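All ligand and atom numbering here is 1-based and tracks the order in the structure. Please read these numbers as outputs of a predicted model, since none were measured by experiment.
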Amino acid sequence: MLTIALSKGRILEQTLPLLKKAGLEISDEELNSRKLILDTSLDDVKVIIIRATDVPVFVQHGAADFGISGKDVLLEHGADGLLELLDLGIAQCKLMVAASDEQKLNQNTLKIATKYVNSTKRYFEAKGQQIEIIKLYGAMELAPVVGLSHCIVDLVDTGNTLKANGLVPLEHIIDISSRLVVNAASFKTKNAEIKFWINSIKKNL
Ligand code: PRT
Ligand code: MG
């Protein structure tokens, strides 16, 4: 039995065609049901649907053998017990610093609203810039507008969300895409099975 962890939303949408090409299908009936454990076209493979940020947690603890997760989420979670074995190149975006204008970044202590606390700390520590982080769980773009922070660190794709809120992308922290992560113990005990799926997905990327 193999359990794969996926998150709802854009990662699921972009992963399903990859799994299909690799020989694993999930019916619309399963996808449209309210079930969190979905049956697949193969009896010995199940898919669980969870929050994006929970995917590395389930995989780390072996509740899923492997999962697909954004690099942004993995950088926050840490690599403990996880093997990042494949870059799927899907759900691409950039982690960036954004503000209403460049001058806003000139502060002795820069106030930053973000949910990416670890990546933000690492980036500004390397630059030697003193910061104060205001941890938010969403709608980061709002923070500079209402004076909660000088800038934000968030994912940017088209840039439309920033623009709509009067913000501009200023500094590029890292390119993001989704990665296939494997539970380290599963990779030993179910090595052939997991390698089979990694290779099948890889062949069709
Ligand atoms: O809400 P929940 O925590 O359950 O998950 P989620 O809503 O964050 O999930 P979802 O489906 O949005 O997928 C999140 C994953 O997709 C992230 O972890 C990234 O790896 C990846 N991804 C790729 C993105 C984007 N692109 C993206 N543009 N995740 C979020 N965004 C958001 C961004 O935060 C901003 O609000 O889209 C907005 C910017 O988009 P543009 O096109 O206006 O620049
Ligand atoms: Mg969301």
Side-chain angles (χ1 to χ4, degrees), residues 4-19 26 30-38 47-60 63-64 66-80 82-101 112-123 133-146 148-182 201 205:
I4 305 173
L6 301 175
S7 60
K8 265 214 170 77
R10 71 189 87 204
I11 292 182
L12 181 67
E13 277 159 35
Q14 296 182 38
T15 301
L16 290 175
L18 298 182
L19 291 177
I26 306 168
E30 283 295 296
L31 287 168
N32 296 330
S33 73
R34 308 204 124 231
K35 285 160 65 177
L36 300 175
I37 304 182
L38 307 185
V47 166
I48 57 175
I49 307 283
I50 50 188
R51 291 286 298 258
T53 44
D54 290 337
V55 168
V57 181
F58 276 65
V59 175
Q60 175 184 14
F66 70 85
I68 291 166
S69 191
K71 184 67 182 175
D72 52 319
V73 170
L74 295 173
L75 286 168
E76 290 305 302
H77 178 82
D80 230 30
L82 293 175
L83 306 169
E84 188 185 311
L85 296 184
L86 186 59
D87 183 348
L88 296 167
I90 57 167
Q92 288 185 13
C93 56
K94 297 176 170 64
L95 186 66
M96 299 200 68
V97 183
S100 58
D101 65 85
I112 307 171
T114 189
K115 67 173 170 183
Y116 299 103
V117 173
N118 295 339
S119 296
T120 299
K121 275 189 188 152
R122 263 195 299 271
Y123 175 74
I133 291 183
I134 296 154
K135 163 106 191 188
L136 295 178
Y137 293 88
M140 266 82 84
E141 299 86 1
L142 190 58
V145 180
V146 297
L148 185 60
S149 69
H150 297 119
C151 65
I152 64 170
V153 166
D154 195 10
L155 301 177
V156 183
D157 179 16
T158 60
N160 290 340
T161 306
L162 291 181
K163 204 171 175 185
N165 292 288
L167 303 174
V168 284
L170 293 167
E171 295 180 17
H172 172 265
I173 299 179
I174 190 169
D175 285 329
I176 301 294
S177 57
S178 294
R179 313 296 163 94
L180 189 150
V181 285
V182 181
I201 293 168
L205 281 183

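Contact annotation: the side chain of E76 approaches that of V117 to within less than 4.5 Å [non-hydrogen atoms, C-beta and beyond]. Side-chain atoms of L36 and I50, non-hydrogen and from C-beta on, never get closer than 4.5 Å to each other. A 4.5 Å side-chain heavy-atom check between Y123 and I174 finds every atom pair outside the cut-off. By the 4.5 Å heavy-atom criterion applied to side chains, R122 and L75 are counted as neighbours.
Residue nearest to atom 24 (C) of ligand 1, selected from R51, K8, R10: R10 (by heavy-atom distance).
Each of the atoms 22 (N), 23 (C), 25 (C), 26 (N) of ligand 1 lies under 4.0 Å from some heavy atom of C93. Atom numbering of ligand 1 starts at 1 in the shown order; those under 4.0 Å from a heavy atom of G70 are 20 (O). Set against the non-hydrogen atoms of T158, the atoms of ligand 1 under 4.0 Å away are 41 (P), 42 (O), 43 (O), 44 (O). Less than 4.0 angstrom separates some heavy atom of G9 from each of these atoms of ligand 1: 11 (O). Atom numbering of ligand 1 starts at 1 in the shown order; those under 4.0 Å from a heavy atom of V156 are 44 (O).
Only the side chain of D154 comes within 4.0 Å of ligand 1, judged by heavy-atom distances. Neither the backbone nor the side chain of L12 has a heavy atom within less than 4.0 Å of ligand 1. Looking at D157 against ligand 1, both its backbone and its side chain come within 4.0 Å, counting heavy atoms. In D72, the part holding a heavy atom less than 4.0 Å from any atom of ligand 1 is the side chain.
In terms of polar-atom proximity, S178 is not counted as a contact of ligand 1, lacking any N or O under 3.5 Å from an N or O of the ligand.
E171 contributes no side-chain N or O that, together with a main-chain N or O of V97, makes up a donor-acceptor pair within less than 3.5 Å.
Identified under the salt bridge (charged side-chain N to carboxylate O under 4.0 Å, His left out) test for residues 86-99, with sequence neighbours left out: D87-R179.
Shown here is K163, whose NZ atom has no more than 12 heavy atoms of other residues, nucleotides or ligands within 6.0 Å. For K8, the NZ atom is loosely surrounded, since the number of other residues' heavy atoms within 6.0 Å does not exceed 12.
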